[in-house]
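All values derive from a computational prediction rather than experimental measurement. Remember, it's 1-based here, ligands and their atoms both numbered in the order they're listed.
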Amino acid sequence: MGLQHSVWQAEKLLFKPCTPDHDAIPIIYAFPNTYAVGITSLGYQHIWANLASRPEVNVCRWFTDLHEPLPPEVELVGFSFSWELDYGNILQALSALAVPHRSSDRTSSHPLVFGGGAVLTANPEPFADWFDFILLGDGEDLLGNVLCAYQTVRYAPRHEKLLALAQVSGVYVPSLFCVTYADATGNIQSITPVSAEVPATVQKQTYKGNVLSHSSVVTPHAAWSDIFMVEVVRSCPEMCRFCLASYLTLPFRPADLEAGLMPAIRQGLTVTNRLGLLGASITQHPEFESLLDWLDQPAFDSVRLSLASVRTNTLTQRLCSILARHDSRSVTVAVESGSERLRQIINKKLSNAEIYQAIANAQAGGLQGIKFYGMVGVPYETDADLADTVEMLRTAKKTAPKLKIAFGCSTFVPKAHTPWQWQGVSPSAEKKLQLLQKQLGKLGIEFRPENYRDSVVQALISRGDRRLNAVLTLAYNYAQAEGKTEPSLGMFKRAFKELAQTVPPLDWYVFRTWDTTEVLPWAHLRTALSPELLQKHHQIAFSYSDSVPLPPAV
Ligand code: SF4
């Protein structure tokens, strides 16, 4: 209790929570991980502040290690879900709140369980059985619309509530859709609403305002201690073919400088001197130079500045020197590969010459290090492409010998709603990671690979359908029995073995390249680009697989 008290006491709030009305809706808003992790999520903070600013709501926060006093007779339990393997913590939270895990086992005496966030917006199907309703897309307007609809059916039977919520654009009620399969382990045949009253597709919501999110609370107990975060852009216009951060959140939207960013930063810097600029591609904000000029004033000399990501060919010497003067030692840029051919396939519009210029700028600007981010297992990747990556890093090292160079590397994981959703994981990716480890060690470049087995689990979940729920549950039970917080790949494999004949095998989900005519698990859930346009981008990407001149961007 003492710990909880000191954690809440240490929070510096940047908004004024409302006093709830006497008949306010009691809501638990949970993050399925610790306080330190959850409170560092800008998405979680943003939605919590939105709820806490409404007198019609009585919200309390819940994390795996602490929570605010729970209101009696909770009506809604919400989860912000941004990391797939946190799913076990959702099940634990439901158990702790005495709520059945499966939506179909809940009665009118139980709260409605809802979720939102990147994992569910991309592909909610593996988790569909646990949620009564799911919010797809940006929460800004969606949350108000949901609460409004809920008020009208607040005292109605459970089924009526769900039916009413399903009428709200962006609200997905999984139990109101029926999925049929060719056979127990075969392809999906159809996904249809259970009645004519349910819209046949659900459209992800896109917030159209020009003021994006920023921290509503600053605390020393966050994973990024005492940081004030501000969202500079949402989505990314580059549309690299694998990239969920771009495709899932399109269109690209920059925050308004005068109306949004500057006032937010001014307010944030009254309680801390640590500033984080967030967004998938910050330097592509059309007024990024003006923002930089403004941040470069003497009044902000003591500000510690960090940037989430920088597009490689926008890493100027000036930006690097401003970062260095504001306590940043290094910068991260995603290059994906050292092979220009592979970058054409990916739609990454970047040349090796631009990479060398960026690294020279980083050194001249006074940074101490640079972290490149790359990927193996990209479709059509050859040994020659890997050799190009090693060569590119060798040249980079020669270009900026004083800079500490690291190369972070993941395995390509297919994600829903991207042009490469149909592609399987490359089984040779693990060997490629080992090869890079060996070769880069000789060059004195620090290699930071992501665990291949984790990528396999990620791919499984990102391409899963509702049948996967049984596998997730069993793997969670195995992890619980062994006192582990997350199931391992071995536990998933055991679960598949036990459930053989009732679900397709792991390889079917992870490694198989799907036919573009198959019904996808998320076929009824729509994002900014139509499935036809995604297929077009898919075809364009692979038309460059034989090495051709730089294609026109789409
Ligand atoms: S530049 Fe980065 S954020 Fe943008 S689409 Fe490519 S990988 Fe995604």
key: Atoms in ligand 1 with a heavy atom of K348 nearer than 4.0 Å   = 1 (S), 2 (Fe), 6 (Fe), 7 (S)
key: E336: numbered ligand 1 atoms lying under 4.0 Å from its heavy atoms   = 7 (S)
Atom 8 (Fe) of ligand 1 neighbourhood, protein N/O/S only, threshold under 2.8 Å = C243 SG
ask   = When the aromatic ring centroids of W420 and F542 are compared, is their separation below 6.0 Å?
value = yes
message = Tell me if the aromatic rings of Y44 and F63 count as close, with their centers under 6.0 Å from one another.
response = yes
request  = Name the orientation class of the two ring planes belonging to F300 and W294 (parallel below 30°, tilted from 30 to 60°, perpendicular beyond 60°).
outcome  = perpendicular
request  = Scan side-chain atoms only and decide if T382 and D385 contain a donor-acceptor pair under the 3.5 Å cut-off.
outcome  = yes
Between H538 and Q421: side-chain donor-acceptor atoms closer than 3.5 Å = no
ask   = Q45: what forms a side-chain hydrogen bond (donor to acceptor under 3.5 Å, both in side chains) with it, not counting sequence neighbours?
value = none
ask   = Rounded to the nearest 0.5 Å, how far does OG of S543 lie from CD of Q344?
value = 10.0 Å
